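Chain naming here is simple, since letters A, B, ... match the order of the sequence lines and numbering starts at 1 in each. Being a predicted model, the structure only gives us computed values, none of them experimental.
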Amino acid sequence: MNQSSERSLNFIEQIIEEDIRNNKNESRVHTRFPPEPNGYLHIGHAKSICLNFGLGKKYNGLTNLRFDDTNPTKEEEEYVKSIMNDIRWLGFDWEDRLYYASDYFNHLYEWALKLIRNDKAYVDDQTVEDIRRQRGTPTRPGLESPYRSRSVDENLDLFQRMKNGEFPDGTRVLRAKIDMSSPNMHMRDPVMYRILHASHHRTGDTWCIYPMYDWAHGQSDYLEGITHSICTLEFEIHRPLYDWFLDQLVKEGEYRPRQIEFARLNLSYTVMSKRKLLELVKEGIVDGWNDPRMPTISGLRRRGYTPESIRSFADRVGVAKRDNVIDVALLEYSVREDLNKKSDRRLAVLDPLKVTLTNYPEDREEKLDAINNPEDDSKGKRQIPFSREIYIERNDFMEDPPRKFFRLGPGREVRLKYAYIIKCEEVIKDPATGQVVELKCTYDPETKSGMTRSDKKVKGTLHWVSAKHARDIEVRLYDRLFMQEDPNDVEEGKDFKYSLNPDSLKITTGKAEPALLEARPGDKVQFERTGYFCVDSKYTTSERIVFNRTVPLRDSWAKISNSTHKKK
RNA sequence: UGCCCGAUGGUGUAAUUGGCAACACGUCUGACUCUGGAUCAGAAGAGUCCAGGUUCGAACCCUGGUCGGGCAACCA
């Protein structure tokens with residue numbers, strides 16, 4: 001149960017192990033991750049990346065990166081770069097096996113010629129509309145095209161002229177000759193090539209016909225020696241076509257790739273489709289593809305997620321064929337688990353309330369020892385300045401605290417982390433608004449951390465920052481982008497943006513201990529008692545340091561106070 | 001009313017292939033704590049979509065339903 005080798009296998013591993021036992025494809029395991037460069041990668045892709053590269057590693061095989069770039073009208077170089085960057089960042093390596101479906105355009109063309117010669121493909125002169133109409137419906141068979149029985153020679157001639165650019169876009173296609181009455185729509189003479197006078201990000205203008213997914217994908221797998229072609233469930237119905245194309249090219253008993261489908265990842269309170277994510281970007285609802293609220297890999301990275309946390313998340317969600325919705329709490333658990341071990345602790349007050357220690361000498365200052373990471377002694381200690389005026393968190397004080405509130409209140413005592421025990425003597429309010437603006441407290445000099453009476457029991461420990469030494473930091477507090485568990489579950493006429501959370505981003509200025517100013521973009525720290533934060537790589541400048549909250553700490557007080565709130 | 005796939009605690013995944021449901025997250029106790037974090041100890045929570053059948057024995061096999069998802073781009 002604890003050794004990965006003893007852990008039960010998911011259904012894909014079971015298939016692979018059976019193939020290995022049967023010496024299929026000489027017991028090789030070779031997978032691939034085949035993104036289309038038309039958008040940024042998201043956490044769902046991360047699951048697939050971890051799966052494919054993980055399988056390659058586990059079975060001593062290989063994993064290729066292949067860009068599925070058969071549609072020049074949607075694909076861009078920018079996406080290629082971001083995708084490679086994200087995969088590397090996640091910790092995976094395709095070594096020298098970087099491929100593009102467009103690398104195979106020639107090969108694919110030659111093979112298409114072969115199918116035509118074998119009377120397995122034909123050129124159809126009809127319009128898109130005609131073809132669509134003839135395809136039938138899932139419950140009604142399709143009609144054969146009037147061009148279906150053209151001679152091989154005519155097909156050859158026409159297809160070559162399509163390639164030579166003699167016809168305008170949309171005037172002709174090459175179709176596989178299969179079965180217009182198949183109950184599987186994808187077998188009703190699917191289109192193999194369309195005419196597209198478009199410039200391709202890699203092949204430029206050398207082609208004006210481009211292969212369709214079904215024709216390109218399986219053959220690319222074949223050319224690369226892929227053994228297990230893993231994709232998501234919506235391609236399940238394509239598998240007969242995947243196999244049919246291979247049947248035309250592969251001899252019985254020879255090497256052949258195999259398509260296996262698994263259920264894609266869904267996360268509660270988020271959307272995962274590239275189209276919808278693109279919409280959020282284009283409409284300016286978020287701050288680009290790497291907005292820290294986005295489920296994109298670049299967004300999670302900017303938010304402060306670590307590759308390790310994403311990998312362990314992918315591990316935990318498992319692989320199966322049934323539709324699933326993973327609780328975001330699991331993702332959050334995964335980062336906390338990782339960050340707890342790794343990140344240094346710092347004191348920072350997000351919503352400052354001034355506290356004056358009336359019996360602490362005016363101009364006295366102290367340096368107090370603070371532990372960097374209680375989970376990791378090797379991280380050592382640092383010093384934090386202490387003085388008469390400090391800031392504490394506003395919500396660590398209540399004028400009329402309930403029994404279970406273990407923090408500061410009139411007449412109450414609490415410990416200041418690494419410092420003294422203080423007692424609240426007086427509450428100062430703004431006479432106009434009634435808002436608490438300052439607390440007058442006394443400190444007990446005997447209770448300094450490490451001193452004899454420091455073991456005195458108090459209800460709670462607060463984080464704080466010396467006012468004189470405090471530095472301003474910008475803090476960005478993120479919450480879920482959508483308020484509905486399934487943003488797509490909306491009534492007619494409304495779309496997924498209906499439940500957008502207006503408070504998904506709150507920007508405030510906090511007060512931080514001086515050591516925090518040393519943090520560099522991407523650095524991750526725990527603000528003690530508050531959460532994990534990372535230095536934003538986009539808005540941080542030499543004058544202003546910006547922190548993104550990756551995830552708050554688990555907060556059992558919030559749970560208590562929320563549940564009593566609800567009861568009322 | 002065609003075809004393909006799926007159905008196991010709140011969520012996700014297991015059950016070594018027919019031996020009487022486990023793990024993780026979440027939830028709830030309690031201990032500990034100079035983070036209401038972490039850690040530790042423990043608990044509740046499913047009898048496996050339904051109905052039949054085969055079997056000494058079924059979450060696993062068979063039959064028939066039910067429910068959910070997918071399929072009609074010259075997208076991937």
Side-chain angles (χ1 to χ4, degrees), chain A residues 1 6-10 14 34-36 38 68-71 73-75 101 124 127-128 131-133 135-142 169-175 182-188 190-196 209-210 212-214 216-217 231 233-240 261 263 268 274 315-327 329-334 336-337 340-341 345 347 371 374-375 404-407 414-419 421 447 449-450 454-455 458-463 526-532 552-560:
Chain A
M1 200 60 67
E6 290 176 18
R7 227 168 57 185
S8 57
L9 306 174
N10 66 49
Q14 289 180 18
E36 184 190 11
N38 70 340
D68 224 330
D69 56 352
T70 55
N71 186 355
T73 63
K74 287 189 179 171
E75 296 148 5
D124 196 332
T127 62
V128 201
I131 292 176
R132 188 174 306 152
R133 213 170 305 123
R135 189 152 6 239
T137 70
T139 56
R140 235 181 294 277
D169 288 3
T171 51
R172 269 173 247 258
V173 291
L174 183 72
R175 290 228 255 171
S182 169
N184 182 342
M185 301 287 297
H186 295 276
M187 299 298 272
R188 321 242 262 226
V191 173
M192 293 171 67
Y193 276 96
R194 73 282 214 189
I195 301 173
L196 233 43
I209 56 170
Y210 289 93
M212 301 293 291
Y213 166 84
D214 289 297
H217 200 89
C231 61
L233 245 31
E234 66 269 29
F235 293 101
E236 201 160 29
I237 196 99
H238 294 239
R239 193 171 58 221
E261 314 83 12
S268 60
K274 279 194 214 170
D315 232 46
R316 259 183 273 260
V317 301
V319 180
K321 292 192 74 164
R322 73 184 88 128
D323 292 325
N324 61 81
V325 181
I326 307 292
D327 194 336
L330 189 63
L331 219 209
E332 296 181 340
Y333 170 82
S334 302
R336 286 198 192 101
E337 178 193 50
N340 176 49
K341 292 181 299 191
R345 316 286 128 124
L347 299 187
I371 294 164
E375 307 285 324
K404 284 184 171 174
F405 186 80
F406 301 152
R407 308 176 187 180
V414 291
R415 167 169 292 285
L416 296 178
K417 178 99 182 174
Y418 299 128
I421 290 174
T447 59
S449 293
S454 69
D455 57 347
V458 285
K459 314 175 211 308
T461 301
L462 308 187
H463 62 283
Q526 184 198 98
F527 288 180
E528 211 134 349
R529 299 213 310 135
T530 307
Y532 295 98
L553 250 31
R554 283 188 68 212
D555 186 349
S556 37
W557 164 243
K559 230 175 264 173
I560 296 166

If you check the [X] side chain, which of [options] turns out closest?
X        : options             : answer
A:Glu234 : B:G12, B:G2, B:G70  : B:G70
A:Lys417 : B:C4, B:G12, B:U35  : B:U35
A:Tyr213 : B:A76, B:G37, B:C71 : B:A76
A:Ser8   : B:G2, B:A15, B:A72  : B:A15
A:Glu375 : B:C74, B:G37, B:C4  : B:G37
A:Thr461 : B:C74, B:C71, B:U35 : B:U35

Side-chain donor or acceptor of [X] paired with backbone N/O of [Y] under 3.5 Å:
X        : Y        : answer
A:Gln526 : A:Gly531 : no
A:Asp327 : A:Leu330 : no
A:Arg529 : A:Thr461 : yes
A:Glu337 : A:Tyr333 : no
A:Asn184 : A:Ile237 : yes
A:Arg194 : A:Leu174 : no

Taking the [atom1] atom in each of [N] and [M], what is the distance between them to the nearest angstrom?
N     : M     : atom1 : value
B:A59 : B:A41 : P     : 32 Å
B:A31 : B:G36 : C1'   : 14 Å
B:C50 : B:G30 : C1'   : 42 Å
B:A21 : B:A15 : C1'   : 7 Å
B:G70 : B:U29 : C1'   : 44 Å
B:A46 : B:U39 : P     : 27 Å

Just checking [X]: base, sugar-phosphate only, or nothing, at a heavy-atom cut-off of under 4.0 Å?
X        : value
A:Ile237 : base
A:Phe405 : base
A:Pro374 : base
A:Thr127 : base
A:Thr137 : base
A:His463 : nothing
A:Leu553 : base
A:Val458 : nothing
A:Glu528 : base
A:Val128 : base
A:Val317 : sugar-phosphate
A:Gly170 : base

Its dot-bracket string being built from Watson-Crick and G-U pairs below 3.5 Å, with | for another strand and [ ] for crossing, RNA chain B has the pattern .((((((..((((.....[..)))).(((((.......))))).....(((((..]....))))))))))).....
Atom pair distance, as rounded to whole Å: [atom1] in [X] and [atom2] in [N]:
X        : N     : atom1 : atom2 : result
A:Arg132 : B:C71 : CZ    : P     : 15 Å
A:Tyr210 : B:A76 : OH    : P     : 12 Å
A:Leu347 : B:G37 : CG    : P     : 17 Å
A:Glu332 : B:A38 : CD    : P     : 13 Å
A:Arg140 : B:U1  : CZ    : C1'   : 11 Å
A:His186 : B:C74 : NE2   : C1'   : 15 Å
A:Asn10  : B:A15 : CG    : C1'   : 15 Å
A:Phe235 : B:G70 : CZ    : P     : 14 Å

For [N], does the O4'-C1'-N9-C4 or O4'-C1'-N1-C2 angle fall within 90° of 0, making it syn, or is it anti?
N     : result
B:A73 : syn
B:G47 : syn
B:U35 : anti

* Ion pair present between A:Lys74 and A:Glu36, side-chain N to carboxylate O less than 4.0 angstrom? -> no
Exercise for review: Identify whether the distance between the nearest side-chain nitrogen and carboxylate oxygen of A:Glu375 and A:Arg345 falls below 4.0 Å.
Suggested key: no
Would you say the side chain of [Y] lies within less than 4.5 Å of the side chain of [X], judging by non-hydrogen atoms?
X        : Y        : answer
A:Asp555 : A:Lys559 : no
A:Ile209 : A:Tyr193 : yes
A:Val173 : A:Ile131 : yes

Where do N or O atoms of nucleotides 26-32 of chain B meet protein N or O atoms at under 3.5 Å, pair by pair?
unit_1: B:U27; atom_1: OP1; unit_2: A:Lys559; atom_2: NZ; d: 2.9

Look at the side-chain N and O atoms of [X] and state whether any lies under 4.0 Å from the OP1 or OP2 oxygen of [N].
X        : N     : value
A:Thr70  : B:A76 : yes
A:Arg194 : B:C75 : yes
A:Ser334 : B:C25 : no
A:Arg239 : B:C4  : no
A:Arg133 : B:A73 : no

Rounding to 0.5 Å, atoms CG (A:Asn324) and OG (A:Ser268) come to a distance of 11.0 Å
Separation between CZ (A:Arg336) and CZ (A:Arg554), nearest 0.5 Å, reads 7.5 Å
> Does a distance-only test, which skips hydrogens and angles, find a donor-acceptor pair under 3.5 Å between the side chain of A:Arg316 and the base of B:U13?
Replying inline: no
B:U16 base / A:Gln14 side chain donor-acceptor hit below 3.5 Å = no
Using a cut-off of under 3.5 Å, enumerate the N/O to N/O pairs linking the protein to nucleotides 6-8 of chain B.
unit_1: B:U8; atom_1: O4; unit_2: A:Arg322; atom_2: NH2; d: 3.1

Go through the steps for A:Asp214 and A:His186 under the test side chain to side chain donor-acceptor pair (under 3.5 Å), then give the verdict. CA-CA 9 Å; A:Asp214 289 297; A:His186 295 276; 4.6 Å; no
Hey, do the aromatic rings of A:Tyr213 and A:Phe235 have their centres closer than 6.0 Å? yes
ask   = With ring centroids as reference points, do A:Phe406 and A:Trp557 lie under 6.0 angstrom apart?
value = no
